[in-house]
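Report on the structure given below.
In what follows, residues are counted from 1 in the order of the sequence shown.
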Amino acid sequence: MKKVNILFVCGAGLGSSFACQMSAEDVLNKLGVNAKLDHSDISSAVSARPDIIITAQNFQSQFEKFSIDPNQTTIVYLRNIVSKQEIEEKITPVLKERGVLV
């Protein structure tokens, strides 16, 4: 199975991105997904080039200022960054599209 690189992003790269990462870990384990997980701030995320960026909806306008290649990195915006249900709903189609889930 292909390993996916997922980056969790918040303003400072510490608190909320780490909380989101912990919730997503449970979801990814449930789905049987092999992933490299990390967290960072927005400006570092732009140069990191992960497969998937997961962040809060309120950061969307900041990400739109950067040119991120949608063929390389998919950005998933969450209303509630610790909602396992929302994470699963939004990440499952992305993982299928990237060939990580069948």
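Closest approach of C10 and F59 over heavy atoms only: CA-CE1, 3.7 Å. The nearest pair of heavy atoms linking I87 to C20 is CD1-O, 4.2 Å. Counting all heavy atoms, side chain and backbone alike, K3 lies closest to A35 at CE-C, 3.8 Å.
By the side chain to side chain donor-acceptor pair (under 3.5 Å) test, E64 pairs with Q60, sequence neighbours left out. With sequence neighbours excluded, the residues that form a side chain to side chain contact (heavy atoms under 4.5 Å, CB included) with T92 are L31, E88, K96, L101. By the side chain to side chain contact (heavy atoms under 4.5 Å, CB included) test, K90 pairs with V76, L78, R79, E86, sequence neighbours left out. With sequence neighbours left out, S44 forms a side chain to side chain donor-acceptor pair (under 3.5 Å) with D41. A search for side chain to side chain contact (heavy atoms under 4.5 Å, CB included) contacts involving F66 returns I42, V46, I68, not counting sequence neighbours. Residues passing the side chain to side chain donor-acceptor pair (under 3.5 Å) test with Q85 are E89, sequence neighbours excluded. T74 meets the side chain to side chain donor-acceptor pair (under 3.5 Å) test with R98; sequence neighbours excluded. With sequence neighbours excluded, the residues that form a side chain to side chain contact (heavy atoms under 4.5 Å, CB included) with A19 are V82.
A 4.5 Å side-chain heavy-atom check between V33 and I6 finds every atom pair outside the cut-off.
Interatomic distance, CD1 of I91 versus CD of E97, reported as 12.0 Å (0.5 Å rounding). Taking OG from S43 and CD from Q62, the interatomic distance works out to 10.0 Å, rounded to the nearest 0.5 Å. Atoms CZ and CD1, on F18 and I81 in that order, are 12.0 Å from each other to the nearest 0.5 Å.
Taking the six-membered ring where the residue is Trp, Y77 and F63 present perpendicular rings, their angle passing 60° and hence far from 30°.
Under the salt bridge (Lys or Arg N to Asp or Glu O under 4.0 Å) criterion, the residue pairs touching residues 16-29 are D26-K84, with sequence neighbours excluded.
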Counting only pairs under 3.5 Å, give me each side-chain donor-acceptor contact of residues 48-56, with atom names and distances, residues two or more places apart or in other chains.
unit_1	atom_1	unit_2	atom_2	d
D51	OD2	N5	N	2.7
T55	OG1	V9	O	2.8

